[in-house]
Amino acid sequence: MKARLSHRWEIALIACLALTISAVKLAGAEPLSERERERETFRQGWAAAQSGDLAGFIMAMGALPDYPLVPYLEAELLRQRVDQVPEAVMTHFLARHRGWSFAPTLETTWLRSLGQRGEYQALRRHGRDSTDPEVRCYQAAGRIEAQEHEGLAEEIAGLWLVGRSQPEACDPVFTWWQAQGNPAPDLAWQRFQLAFEAGDLGLARYLRRYLAGEEREWAERWLNMQARPHETLGQARQWRDQPRARQLISNGLRQLVRREWERAELHWQALAPAFSWSASEQAAIARELALYRAVRLDGEALAAIDALPDSARDQQMLEWRARAALAHGNWPAVLASIEAMTAAEQEQGRWRYWRGRAMAALESPEALTVLAALAREPHYYGFLAAAHLGRAFNLCSEELAVDSAVQARLLGDLEFERALELFQVGLYDHARRTWNRVARRLSQSELEQAALLLTASGWYDRAIAALNNPQNRQAYPWRFPLAEKGLVMAEAEQRRVNPALVYGLMRAESAMQRDALSPAGARGLLQLMPGTAREVARRNGLAYNGAGDLLDPATNIALGVAHLAELEERYAGNWVLVAAAYNAGINAVARWLEERPLAAPDIWLETLPYHETREYVPRILAFATIYEWQLAAKPGVLAANMLGRVSDSGRFACPE
């Protein structure tokens with residue numbers, strides 16, 4: 001019966017397509033190639049799907065009998081009609097397209113639909129291996145309905161014991177489970193802690209209802225510590241000495257020390273003798289206090305770090321010892337901190353540079369040797385060393401030669417072709433997922449040839465990723481492409497912003513991925529926040545109709561370069577501050593300038609409290625230097641911003 005039903009469903013669909021295929025017409029003043037016609041038809045079909053235009057959707061499908069992306073339209077039709085699709089049709093379609101980028105989402109959508117409709121037997125047949133919480137809750141609901149209770153309480157406990165709220169589909173299952181006398185107090189406390197650690201304080205507050213007595217009192221203390229650490233630590237001396245109290249005090253001190261290390265220090269002095277701390281607990285708290293004294297560049301930070309047990313003076317502590325010493329011009333302590341690091345860490349460009357700077361400040365004859373060796377390397381610290389010495393920037397590009405045979409094999413690979421087509425029609429997420437499957441099975445030489453093909457197609461972000469290995473570090477034309485060159489050069493010229501800096505920022509922000517979306521909500525090539533884009537557009541009279549516009553390169557670049565021009569004006573052309581503000585915001589930069597007087601730019605940058613910004617600004621300046629080479633410009637960005645001058649000898653060279 002199922003096979004017959006499946007056959008009838010497919011016959012009806014094919015008949016519908018046959019009736020509409022002759023009606024498909026494409027608008028356009030200029031004739032398109034066959035492949036471009038297919039792409040345009042696909043885009044029309046996809047747009048119809050998004051708007052619910054079923055007739056236009058089916059019409060497009062019928063006009064694409066051999067186009068490799070037709071299954072994506074079929075999958076979308078199945079997704080939109082998921083509650084009407086016969087089981088046999090869906091299972092056959094998924095079996096034929098196992099491994100396609102749409103398959104996992106389509107399968108999960110279908111399994112959820114089966115659960116919503118109470119088709120538990122079908123769900124059991126096809127969803128046994130699903131890890132989706134909603135599907136698993138429907139499976140548990142099916143077992144409850146069938147009265148298959150063996151091991152069910154334990155299974156539901158696993159669904160309940162997570163640090164986040166579960167889907168609404170789980171509510172009836174949890175209600176049944178709770179009617180059986182669950183959760184036990186220790187399990188409820190475990191989930192409370194998971195929610196707290198995950199930062200879901202709403203869930204943590206909700207879970208208080210499952211706690212009683214002492215556990216509920218401790219839960220209140222945990223929540224109070226999160227909201228008011230100073231006040232709660234002040235009450236902690238009245239607590240009974242037990243592991244839970246010491247853990248909460250330790251967490252509260254860590255939370256407070258990040259904002260106010262002086263207050264945290266005072267609380268620790270009061271609480272240290274009131275509890276039976278183990279040596280490891282004391283060392284951990286002392287380490288946090290010493291670390292944040294150094295982060296705040298306190299004058300006594302070095303003494304606090306040196307008072308720690310040897311086990312607590314790890315790489316992070318030694319780095320901040322060096323930074324605190326830098327801030328106070330204590331060059332012997334800078335050198336001593338570096339020499340206490342492991343040999344591997346001392347070989348990093350950052351610490352070789354600061355070793356050279358310290359030796360130069362101490363008038364050591366070895367300084368020139370250290371900086372000269374570093375100046376031969378093509379990265380931020382190498383460029384900075386070269387600028388200090390007034391030497392040429394060492395940049396030797398490697399050419400990637402075309403291998404026609406390998407490229408022909410790649411273009412004949414159906415999955416590779418599919419990835420390229422998905423990119424061309426604008427389904428970038430599907431394109432990346434498909435490409436990632438391809439990339440995992442390619443050799444090094446095949447990845448290089450793939451990068452050439454991807455670059456030729458304008459798919460720069462995957463070309464960059466394909467070359468992200470030591471063997472290809474010098475393939476600069478492909479690792480640092482001049483994406484959207486016409487737009488960038490025109491906007492940079494209009495706003496009087498150095499195009500190398502625009503490119504450096506774009507490369508660091510999105511790796512040229514036009515639909516890049518950050519966890520914070522920044523979008524597009526220059527990773528603009530929608531609120532920032534709206535204000536920049538208003539101040540500069542630029543078109544902007546919402547967050548979706550930021551995925552359009554023309555809009556993103558116009559708004560991004562205008563924003564950079566505003567930041568340049570604010571910071572008088574100082575790109576250390578421009579890049580820092582672009583990354584962390586103008587409020588953070590204002591705070592840092594108040595806390596950390598802007599002395600030598602390299603020292604100011606090295607001692608910033610945000611790890612991300614300390615890494616970000618050097619990356620921008622190094623990338624901008626490489627883009628100066630790409631644009632055949634003299635290397636002036638890094639020296640001008642880090643040394644306040646451009647050496648007359650500033651140039652690129654590639655020693656034989």
Aromatic ring pairing [X]/[Y], orientation class (parallel under 30°, perpendicular over 60°, tilted between):
| X | Y | value |
| --- | --- | --- |
| Phe93 | His97 | tilted |
| Phe102 | Tyr72 | perpendicular |
| Tyr610 | Trp592 | perpendicular |

Decide yes or no for [X] and [Y]: does some side-chain heavy atom of the first lie under 4.5 Å from some side-chain heavy atom of the second?
| X | Y | value |
| --- | --- | --- |
| Val162 | Leu194 | no |
| Leu505 | Tyr616 | yes |
| Arg539 | Arg534 | no |
| Leu593 | Trp604 | yes |
| Trp218 | Trp239 | yes |
| Arg507 | Ile464 | yes |
| Val578 | Arg570 | no |
| Leu207 | Leu211 | no |

Any ion pair linking [Y] and [X] (charged N to carboxylate O, less than 4.0 Å)?
| X | Y | answer |
| --- | --- | --- |
| Glu615 | Arg619 | no |
| Arg293 | Glu300 | no |
| Glu148 | Arg124 | yes |
| Glu606 | Arg350 | yes |
| Asp515 | Arg432 | yes |
| Asp83 | Arg117 | no |
| Arg591 | Glu594 | no |

Checklist line | Which residues share a salt bridge (charged side-chain N to carboxylate O under 4.0 Å, His left out) with Arg79, sequence neighbours left out | finding: Glu76
Margin query: Test of understanding: with salt bridge (charged side-chain N to carboxylate O under 4.0 Å, His left out), list the residues that count as partners of Asp429, not counting sequence neighbours.
Written below: Arg433
[X]: what forms a side-chain hydrogen bond (donor to acceptor under 3.5 Å, both in side chains) with it, not counting sequence neighbours?
| X | value |
| --- | --- |
| Arg287 | Asp314, Gln316 |
| Glu197 | none |
| Glu215 | none |
| His230 | His267 |

Next item on the list: Run the numbers on Glu119 and Tyr138 for side-chain hydrogen bond (donor to acceptor under 3.5 Å, both in side chains), then give the verdict.
Entry: CA-CA 9 Å; Glu119 295 187 19; Tyr138 283 130; over 6 Å; no
Next item on the list: Mind jotting down which residue pairs meet the side-chain hydrogen bond (donor to acceptor under 3.5 Å, both in side chains) criterion with at least one end in residues 150-173? Sequence neighbours excluded, please.
Entry: Arg143-Glu155
Margin query: Can you pull out every side-chain hydrogen bond (donor to acceptor under 3.5 Å, both in side chains) where at least one residue sits in residues 175-192? Sequence neighbours excluded, please.
Written below: Gln178-Tyr210, Trp189-Gln193
Value rounded to 0.5 Å, distance of [atom1] in [X] from [atom2] in [Y]:
| X | Y | atom1 | atom2 | value |
| --- | --- | --- | --- | --- |
| Asp132 | Glu107 | CG | CD | 10.5 Å |
| Glu265 | Asp298 | CD | CG | 9.5 Å |
| Asn556 | Asp549 | CG | CG | 10.0 Å |

Next item on the list: Assess whether ring pair (Phe, Tyr, Trp, His ring centres under 6.0 Å) is satisfied between Trp277 and Trp268, documenting all intermediate values.
Entry: CA-CA 11 Å; Trp277 303 94; Trp268 175 234; 5.1 Å; yes
Next item on the list: Evaluate the criterion ring pair (Phe, Tyr, Trp, His ring centres under 6.0 Å) for residue pair Trp110 and His126; output intermediate values, then yes/no.
Entry: CA-CA 10 Å; Trp110 178 53; His126 304 291; 5.1 Å; yes
Next item on the list: Write out all pairs satisfying disulfide bond (SG atoms under 2.5 Å apart) with one or both partners inside residues 239-279, taking only residues at least two apart or from two chains.
Entry: none
Margin query: Taking disulfide bond (SG atoms under 2.5 Å apart) as the cut-off, I'd like each qualifying pair that reaches into residues 96-172, sequence neighbours left out, listed once.
Written below: Cys137-Cys170
Next item on the list: Show your reasoning for whether side-chain contact (heavy atoms from CB on, under 4.5 Å) applies to Ile338 and Gln346.
Entry: CA-CA 6 Å; Ile338 295 169; Gln346 291 186 49; 4.2 Å; yes
Counting only heavy atoms not in [X], do more than 12 sit closer than 6.0 Å to its [atom1] atom?
| X | atom1 | answer |
| --- | --- | --- |
| Gln238 | CD | no |
| Gln242 | CD | yes |
| Arg237 | CZ | no |

Checklist line | From Arg313, Arg323, Glu319, Arg321, residue fulfilling side-chain hydrogen bond (donor to acceptor under 3.5 Å, both in side chains) relative to Ser337 | finding: Arg321
Side chains of [X] and [Y], donor plus acceptor under 3.5 Å:
| X | Y | answer |
| --- | --- | --- |
| Tyr571 | Glu566 | no |
| Glu231 | Asn224 | no |
| Thr613 | Asn583 | yes |

Notebook entry, point to check: side chain to side chain contact (heavy atoms under 4.5 Å, CB included) with Ala294: which residues, sequence neighbours excluded?
Noted result: Ala301, Ile305, Trp320, Ala324
Check: Going through the distances and angles, do Leu123 and Val135 end up as a side-chain contact (heavy atoms from CB on, under 4.5 Å)?
Finding: CA-CA 8 Å; Leu123 183 62; Val135 172; 4.0 Å; yes
Next item on the list: Evaluate the side-chain contact (heavy atoms from CB on, under 4.5 Å) criterion for residues Gln147 and His149: first the C-alpha distance (whole Å), next the side-chain angles of each, then the deciding distance (0.1 Å), finally the verdict.
Entry: CA-CA 6 Å; Gln147 298 189 11; His149 297 162; 4.1 Å; yes
Side-chain atoms of residues 243-260: list all donor-acceptor pairs with protein atoms under 3.5 Å, sequence neighbours left out, distances to 0.1 Å.
from   : atom 1 : to     : atom 2 : distance (Å)
Arg246 : NE     : Glu281 : OE1    : 3.3
Arg246 : NH1    : Asp241 : OD1    : 2.8
Ser250 : OG     : Arg254 : NH1    : 2.8
Gln255 : NE2    : Gln226 : O      : 2.9
Arg258 : NH1    : Arg254 : O      : 2.5

Notebook entry, point to check: Taking it one step at a time, do Gln527 and Gln513 satisfy side-chain contact (heavy atoms from CB on, under 4.5 Å)?
Noted result: CA-CA 10 Å; Gln527 286 292 275; Gln513 181 180 321; over 6 Å; no
Next item on the list: Check for a donor-acceptor pair, side chain of Arg208 on one end and backbone N or O of Arg205 on the other, with a separation under 3.5 Å.
Entry: yes
